[in-house]
Amino acid sequence: MRLSGYFIPTLRDTPKEAQIVSHRYMLRAGMVQQASAGIYSWLPMGHRVLRKVEQIVREEQNAAGAHEILMPTIQAADLWEQSGRYHDYGAEMLRIKDRHGRDMLYGPTNEELVTDIFRSHVRSYRSLPLNLYHIQWKFRDEMRPRFGVMRGREFLMKDNYSFDLDHEGAIRSYNKMFIAYLKTYARMGLRAIPMAAETGPIGGDLSHEFIVLAETGESEVFCHRDWLTDDIRNRSIDMEGDLQPVVDSFLERYAATDDKHDPSNCPVAPEDLVVTRGIEVGHIFYFGTKYSDPLGGRVAGPDGREVAVHMGSYGIGISRLVGAIIEASHDDRGIIWPEPVAPFRVGVVNLAVGNEECTRVCDDLYAQLGAAGIEVLIDDRDERPGAKLADMDLIGLPWQVIVGPRGLRSGVVEVKDRRTGATEEMTPEAATARLAA
RNA sequence: CGGGGUGUAGCGCAGCCUGGUAGCGCAUCUGCUUUGGGAGCAGAGGGUCGGCGGUUCGAAUCCGUCCACCCCGACCA
């Protein structure tokens, strides 16, 4: 992508409404624009990251055997009256009337709809287990939206719903998602810790929330230091096997938020205890027949008798994750994107667009990196070097190739690792080879 | 929803207390010079001062009212 014709409206000053670092950088890097309180437009850079996060979530869901569907944002109230939640959900639910005066709502979640789909088509235990997910915008009319996309009213969420014949099967489905979640966050370069959680308005009796560690997170977290060193990607896990021991191996390791942590009664030795902060980015629930009972999600079991299916639901806040990743990965110059979610992998900076040699080298780099399948953003704007370098640091692409007349006099360009700040001079050919590797 | 605060040019702000018809920095446009970490000079454009009502000869400024947004709290992916 050529920046001269692209749309990244960066800001030099921080808009005053933005307090936390992810919100400030998302506005300054031209990723989002607030439309009203807790509601955002996603501009090209933000949109690219959102889609990358979404795609990683999708791939891990598919790998775990879930099937993607897409349910609407607007739902009819009558289904929610059947489950009893039309009354229970309260002011958080945005209620709408259509032109006929029928009660509608902008979905805050989808248990009712997915159960309706299930009950319409599934009659036998032979169709189980079944796990359906979708990635869709939700609306919860928060009392106080804040922190930019981290706590918006409208947000993009992956939510899925498992259907099993009995409790035992439901726990298998739950454990699968538990592992899938850890893999999902690890792929985004995040450290995520599952913690036992309250179930809130979703209900149920088994629930974990997943907290990603970030120094600027919303809540204080206490955990065993093994959480920081263990990478689930180094384990080989048979997703079709018995996952209970694997899940247990994670859960026996201490982790608690400040409201549950008791310093005087902590099972972890002080030298092994890590105190940091975190952001909730996912939540999984097992709630049995809470919705299948009232909504008639029933199947015939092996003995021919009809039983209500056991369900679980599993959410990942995708738009929130974009903010959480920035909270977990930034410095005082701007964002530092982990490669898997970076809007572009490499930024080529032409320091002197008026210089033929610079422009030729940049165009070659751009073409060759592109041909190697690398997503490249080239800053070919006629701007001051300082402004271009500052913008490139701000938008946080993992790699920068800085091309200027000074280096080219000795035939080299500068390759910079955004995370470490380390720079290395090399020929353009060597830079291409390095970044394409 | 309780408490606090802010709305003045695209962004950040001053002016308001003590009424006299709007200003600064950055950004934008033009020209010249400059070119490795947010340039210099010269010129230009851009604002129904959040909306409505009131007081006054006169309101960004005083009064009333409504709206929007932000922060703290209780609640949440």
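Below, all heavy atoms of this structure are taken into account, side chains as well, without hydrogens, waters or symmetry copies. Source: prediction; values computed, not measured. Numbers restart at 1 for each chain; the letters A, B, ... are given by sequence-line order, proteins then strands.
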Nearest whole Å is fine: how far is [N] [atom2] from [X] [atom1]?
| X | N | atom1 | atom2 | result |
| --- | --- | --- | --- | --- |
| Arg24(A) | C11(B) | CZ | P | 18 Å |
| Gln33(A) | C11(B) | CD | C1' | 12 Å |
| Arg381(A) | G37(B) | CZ | C1' | 14 Å |
| Asp141(A) | A77(B) | CG | P | 16 Å |
| Tyr40(A) | A77(B) | OH | P | 19 Å |
| Glu414(A) | G36(B) | CD | C1' | 8 Å |
| Asp13(A) | C11(B) | CG | C1' | 5 Å |
| Glu218(A) | C71(B) | CD | P | 14 Å |

Centroid separation under 6.0 Å, is that true for the rings of [Y] and [X]?
| X | Y | value |
| --- | --- | --- |
| Phe178(A) | His208(A) | yes |
| Phe285(A) | Tyr174(A) | no |
| Tyr254(A) | His261(A) | yes |

Base-pairing mate for [N] - Watson-Crick or G-U, with both contacts under 3.5 Å:
| N | answer |
| --- | --- |
| C24(B) | G12(B) |
| A59(B) | none |
| C76(B) | none |
| G64(B) | C52(B) |
| C32(B) | G40(B) |
| C69(B) | G5(B) |
| U18(B) | none |
| G46(B) | none |

**Request:** May I have the step-by-step check of side-chain hydrogen bond (donor to acceptor under 3.5 Å, both in side chains) for Gln244(A) and Asn175(A), ending in yes or no?
**Result:** CA-CA 7 Å; Gln244(A) 196 63 53; Asn175(A) 286 342; 2.6 Å; yes
**Request:** Keeping to residues at least two apart or across chains, list the side chain to side chain donor-acceptor pair (under 3.5 Å) pairs with something in residues 24-33 of chain A.
**Result:**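 For residues 24-33 of chain A, and leaving out neighbouring residues, there are no side chain to side chain donor-acceptor pair (under 3.5 Å) pairs at all.
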**Asked** Between Phe210(A) and Tyr181(A), what is the ring plane arrangement, given parallel below 30°, perpendicular above 60°, and tilted in between?
**Response** tilted
**Prompt:** What orientation do Trp42(A) and Trp137(A) show, parallel under 30°, tilted 30 to 60°, or perpendicular over 60°?
**Reply:** tilted
**Asked** Within 45° of the six-membered ring axis of Trp399(A) and under 6.0 Å from that ring's centre, is NZ or CZ of Arg418(A) located there?
**Response**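 That pair does not qualify as a cation-pi contact.
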**Cationic tip of Arg235(A) above Phe250(A) ring, under 6.0 Å, 45° of axis** = yes
Classify [X] by what it touches in the nucleic acid, base, sugar-phosphate, or nothing, heavy-atom distance under 4.0 Å.
| X | answer |
| --- | --- |
| Gly323(A) | nothing |
| Gly407(A) | base |
| Arg409(A) | nothing |
| Asp393(A) | base |
| Ser319(A) | nothing |
| Asp391(A) | base |
| Gly315(A) | nothing |

Is a side-chain donor or acceptor of [X] paired with a backbone partner of [Y] at a separation under 3.5 angstrom?
| X | Y | value |
| --- | --- | --- |
| Arg191(A) | Asp230(A) | yes |
| Asp331(A) | Gly334(A) | yes |
| His224(A) | Asp226(A) | yes |
| Glu327(A) | Ser22(A) | yes |

**Asked** Among G38(B), A77(B), C72(B), which is the nearest nucleotide to the side chain of Glu142(A)?
**Response**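 Out of G38(B), A77(B), C72(B), the nucleotide with an atom closest to Glu142(A)'s side chain is A77(B).
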**Message:** Assess, by modelled atom type and distance only, whether the side chains of Ser207(A) and Tyr286(A) contain a donor and an acceptor separated by less than 3.5 Å.
**Reply:**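 Absent: no donor and acceptor within the cut-off.
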**Message:** Distance alone, cut at 3.5 Å: any donor-acceptor contact between the side chains of Thr73(A) and Gln136(A)?
**Reply:** no
Span that lies between the [atom1] atom of [M] and that of [N], in whole angstrom:
| N | M | atom1 | answer |
| --- | --- | --- | --- |
| G3(B) | C49(B) | C1' | 28 Å |
| U61(B) | U56(B) | P | 16 Å |
| A42(B) | U34(B) | C1' | 15 Å |
| A14(B) | C24(B) | C1' | 7 Å |
| A27(B) | A9(B) | C1' | 11 Å |
| G25(B) | G45(B) | P | 16 Å |
| G15(B) | U8(B) | P | 14 Å |
| C75(B) | C1(B) | C1' | 11 Å |

**Prompt:** RNA chain B: Ala18(A) or Gly152(A), which has the more 5' nearest nucleotide?
**Reply:**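 Its nearest nucleotide lies further toward 5', so the answer is Ala18(A).
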**Closest-nucleotide 5' rank along RNA chain B - winner of Ile316(A) and Gln19(A)** =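 This one resolves to Gln19(A).
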Every protein N/O lying under 3.5 Å from an N/O of nucleotides 32-35 of chain B:
unit_1, atom_1, unit_2, atom_2, d
U34(B), O2, Arg384(A), NH1, 2.5

**Message:** Once hydrogens and angles are ignored, does a donor-acceptor distance under 3.5 Å link the base of C75(B) to the side chain of Arg151(A)?
**Reply:** yes
**Asked** Knowing that exactly one of Met150(A), Arg320(A), Glu142(A), Arg140(A) qualifies, which makes a side-chain contact (heavy atoms from CB on, under 4.5 Å) with Phe155(A)?
**Response**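 Exactly one option meets the side-chain contact (heavy atoms from CB on, under 4.5 Å) with Phe155(A), and it is Arg140(A).
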**Request:** Give, ordered by number, those residues of residues 329-341 of chain A having at least one heavy-atom distance below 4.0 Å to an atom of RNA chain B; if nothing qualifies, reply none.
**Result:** Arg333(A)
All N/O contacts under 3.5 Å from nucleotides 66-69 of chain B to the protein, with atom names and distances to one decimal?
unit_1, atom_1, unit_2, atom_2, d
C69(B), OP1, Ala37(A), N, 2.9
C69(B), O3', Gln34(A), NE2, 3.1

**Over 12 non-hydrogen atoms of neighbours within 6.0 angstrom of CZ in Arg233(A)** =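 More than 12 heavy atoms, drawn from other residues, nucleotides or ligands, come within 6.0 Å of this atom.
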Listed pairs under 3.5 Å, donor-acceptor, residues 400-412 of chain A side chains, sequence neighbours left out:
unit_1, atom_1, unit_2, atom_2, d
Gln400(A), NE2, Asp393(A), OD1, 2.8
Ser410(A), OG, Gly407(A), O, 3.2

Using a cut-off of under 3.5 Å, enumerate the N/O to N/O pairs linking the protein to nucleotides 1-7 of chain B.
unit_1, atom_1, unit_2, atom_2, d
U6(B), O2', Lys16(A), NZ, 3.1

